[in-house]
**Student:** 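One structure, as structure tokens, below. Some questions next.
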Number of protein chains: 2
Amino acid sequence: MRSISKSTLQRLPIYLSFLKQHCDSEFVSATVISKALSLNDVQVRKDLAAISSSGRPKVGYCRCTLILELENFLGYNDNENAVIIGVGNLGTALLNYEGFEQYGLQVIAGFDIDESKIDEKRKIFHISKLKDLCKRLNIHIGIITVNVEQAQLCCDELVDAGITAIWNFAPTHLNVPSYVHVQRENMAASLAILSRHIKDNKNN
Amino acid sequence: MRSISKSTLQRLPIYLSFLKQHCDSEFVSATVISKALSLNDVQVRKDLAAISSSGRPKVGYCRCTLILELENFLGYNDNENAVIIGVGNLGTALLNYEGFEQYGLQVIAGFDIDESKIDEKRKIFHISKLKDLCKRLNIHIGIITVNVEQAQLCCDELVDAGITAIWNFAPTHLNVPSYVHVQRENMAASLAILSRHIKDNKNN
DNA sequence: TGTTTATCGATAAAAAATTATTTATTTGCA
DNA sequence: TGCAAATAAATAATTTTTTATCGATAAACA
């Protein structure tokens, strides 16, 4: 069960959301899932084998059990706290967005350099308070929503504050110590893929 | 040059942002880029070969040329218009966010079912006006920021309105005709990877 | 009870992506 | 001019990921 591949890990939340939305049947087979999601059935089975052992021939997987196993594996049940650096447009949205809670992520504070943005009632603090708060509340996840120019600086602050996992919305590479994991939310890449599709459509 | 791989396509914006930030030298080699971004140098060279032919032995690539080639390839120079469905927290942020313009994406209108959210001055319209507007302005890209329950419905509306590329922020699978491309912004997956990293850290 | 069928799980094959190696080219310099 | 160094480009090897195949198992049903 050790070392699950990144591609598998990315598909697990998709399975989970499918299972939650299609609550009618008690048992679900990999075949059904794969068809609904336009994937290969062996792939689904393999992915699920990595986190579950409740599959039964001819029957499939017990939906409820599978949901629980997925949620546990994905950490939706053990709540993690996170902080955001950069309370601009995107940062504010993420700070107020309640959708992450269902994934076990609680964004508990935002930080910014800009004094005018600080509003402690709304949990927005000056960046000078970052380290103290992270240490005190034992926070491991930091979200970067500043611009490209400030991203590395903020990243260093986060690392200094004891953060070990960074969710980076700035379209840039970050240098971090090897024990820190950086997850790039690569919106530029998504856009690139989209616009490529449009272009290809036009040329064919 | 035909058929560039998805993984390559995802790395191109990273190269571009690196090149733009490090403007000092006239020429850049794949070796330099790979080291700065912690990638394999052959991989960088291969990726760049797909979109450029300006690499010269002993010299590298002309930075400016490469930037232009990347921008052109990624479509940053031909502006595309897009609409958003779902003007909640995230939708509003994206609607107001100006950062996408640099990627050639102009979000020109938001749509919602909720009458109370409609504010035509702020370019937020009722969903009933979607099709007309898309057809009139020849819009190809739609962004979905509604919740899971409504996502497929909105998706169908977009397809009906002539959209051929969908950027889906709802954590769910969408069924579309084969000519429509869906790009899932898989935040749940990112979170899964992050929280897995935290978990692994704790267990080791 | 035996047969059929759907499905899992394991193994094998194929395809794709990454990394290593070799070759050729260009520049700088003795 | 000739040699050394840096690097792109081509090719080969390796690894990873995806897809296909096959055997085993459990349920349904005659």
Side-chain angles (χ1 to χ4, degrees), chain A residues 1-15 18-19 22 25-67 69-70 173 184 186 189 192-193 196, chain B residues 1-15 18-19 22 25-67 69-70 173 184 186 189 192-193 196:
Chain A
M1 203 208 91
R2 205 68 300 238
S3 104
I4 190 164
S5 90
K6 206 177 142 189
S7 7
T8 293
L9 200 44
Q10 299 205 46
R11 280 188 297 268
L12 295 181
I14 308 184
Y15 302 148
F18 169 77
L19 290 173
H22 300 266
S25 56
E26 197 185 345
F27 290 92
V28 203
S29 76
T31 322
V32 168
I33 298 176
S34 70
K35 273 184 187 142
L37 302 178
S38 323
L39 295 171
N40 180 284
D41 63 324
V42 181
Q43 185 170 68
V44 174
R45 214 167 282 128
K46 240 181 174 176
D47 287 344
L48 294 182
I51 58 126
S52 169
S53 50
S54 64
R56 276 160 56 203
K58 176 78 183 180
V59 179
Y61 304 82
C62 167
R63 219 192 88 254
C64 296
T65 312
L66 197 51
I67 288 179
E69 287 171 319
L70 279 165
H173 175 82
R184 229 173 99 92
N186 202 343
I193 294 172
R196 195 98 277 276
Chain B
M1 204 207 91
R2 207 66 302 238
S3 104
I4 191 162
S5 90
K6 206 177 142 191
S7 7
T8 293
L9 200 44
Q10 299 204 45
R11 279 188 297 268
L12 295 182
I14 308 184
Y15 302 148
F18 169 76
L19 290 172
H22 299 267
S25 56
E26 198 184 342
F27 290 92
V28 203
S29 75
T31 322
V32 168
I33 298 176
S34 69
K35 273 185 187 141
L37 303 178
S38 323
L39 295 170
N40 180 284
D41 63 323
V42 180
Q43 185 171 68
V44 174
R45 214 167 281 129
K46 243 182 173 174
D47 288 343
L48 294 182
I51 58 125
S52 169
S53 50
S54 65
R56 277 158 57 202
K58 175 79 182 179
V59 180
Y61 304 83
C62 167
R63 218 190 90 256
C64 296
T65 312
L66 198 51
I67 288 179
E69 288 172 320
L70 278 165
H173 175 82
R184 230 173 98 92
N186 201 342
I193 294 172
R196 195 99 279 275

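Labels below follow one simple rule: chain letters A, B, ... track the order of the sequence lines, proteins then strands, and each chain is numbered from 1. Just so it is clear, the model here is predicted, and its values are computed rather than measured. Only this structure's heavy atoms are used, side chains among them; waters, hydrogens and symmetry mates stay out.
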**Student:** Measure NZ/Lys58(A) against C1'/dA26(D) and give the value in whole Å, please.
**Tutor:** 9 Å

**Student:** Using the side-chain contact (heavy atoms from CB on, under 4.5 Å) criterion, which residues pair with Leu19(A)? Sequence neighbours excluded.
**Tutor:**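 With sequence neighbours excluded, Leu19(A) shows a side-chain contact (heavy atoms from CB on, under 4.5 Å) to Val28(A), Ile33(A), Arg63(A), Leu66(A), Ile67(A), Leu70(A), given in chain and number order.
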
**Student:** Ignoring hydrogens, what is the shortest heavy-atom contact between Ser52(A) and Tyr61(A)? Give both atom names and the distance.
**Tutor:**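 Nearest heavy atoms, Ser52(A) then Tyr61(A): OG-CD2, 4.2 Å.
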
**Student:** Does the protein touch nucleotides 9-20 of chain D at the base, only the backbone, or not at all? Give it as B, S and - per nucleotide, heavy atoms under 4.0 Å.
**Tutor:** B--B----SBBB

**Student:** If every non-hydrogen atom of Ala36(A) is compared with every non-hydrogen atom of Phe18(A), which pair is closest and at what distance?
**Tutor:**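 Minimum heavy-atom separation between Ala36(A) and Phe18(A): CB-CE1, 3.3 Å.
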
**Student:** Whole angstroms only, please: what is the CG-P distance between Asp41(B) and dA8(D)?
**Tutor:** 8 Å

**Student:** Under the rule for side-chain contact (heavy atoms from CB on, under 4.5 Å), what residues qualify as partners of Thr8(A), not counting sequence neighbours?
**Tutor:** Ile4(A), Ser5(A), Arg11(A), Leu12(A), Asp47(A)

**Student:** Specify the closest pair of heavy atoms between Ile193(A) and Lys6(B), including all atoms of both residues, with the distance to one decimal.
**Tutor:** CD1-CG, 4.0 Å

**Student:** If we only count heavy atoms from C-beta on, is the Cys62(B) to Arg56(B) side-chain gap below 4.5 Å?
**Tutor:**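 Sidechains of Arg56(B) and Cys62(B): no contact.
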
**Student:** I'd like to check the side-chain contact (heavy atoms from CB on, under 4.5 Å) partners of Ser53(B); sequence neighbours left out, ordered by chain and number.
**Tutor:** none

**Student:** Contacts to DNA chain D from residues 26-36 of chain A, heavy-atom cutoff under 4.0 Å, which residues?
**Tutor:**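 Nothing qualifies; none.
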
**Student:** Under the salt bridge (charged side-chain N to carboxylate O under 4.0 Å, His left out) test, which residues partner Arg45(B), sequence neighbours left out?
**Tutor:** Asp41(B)

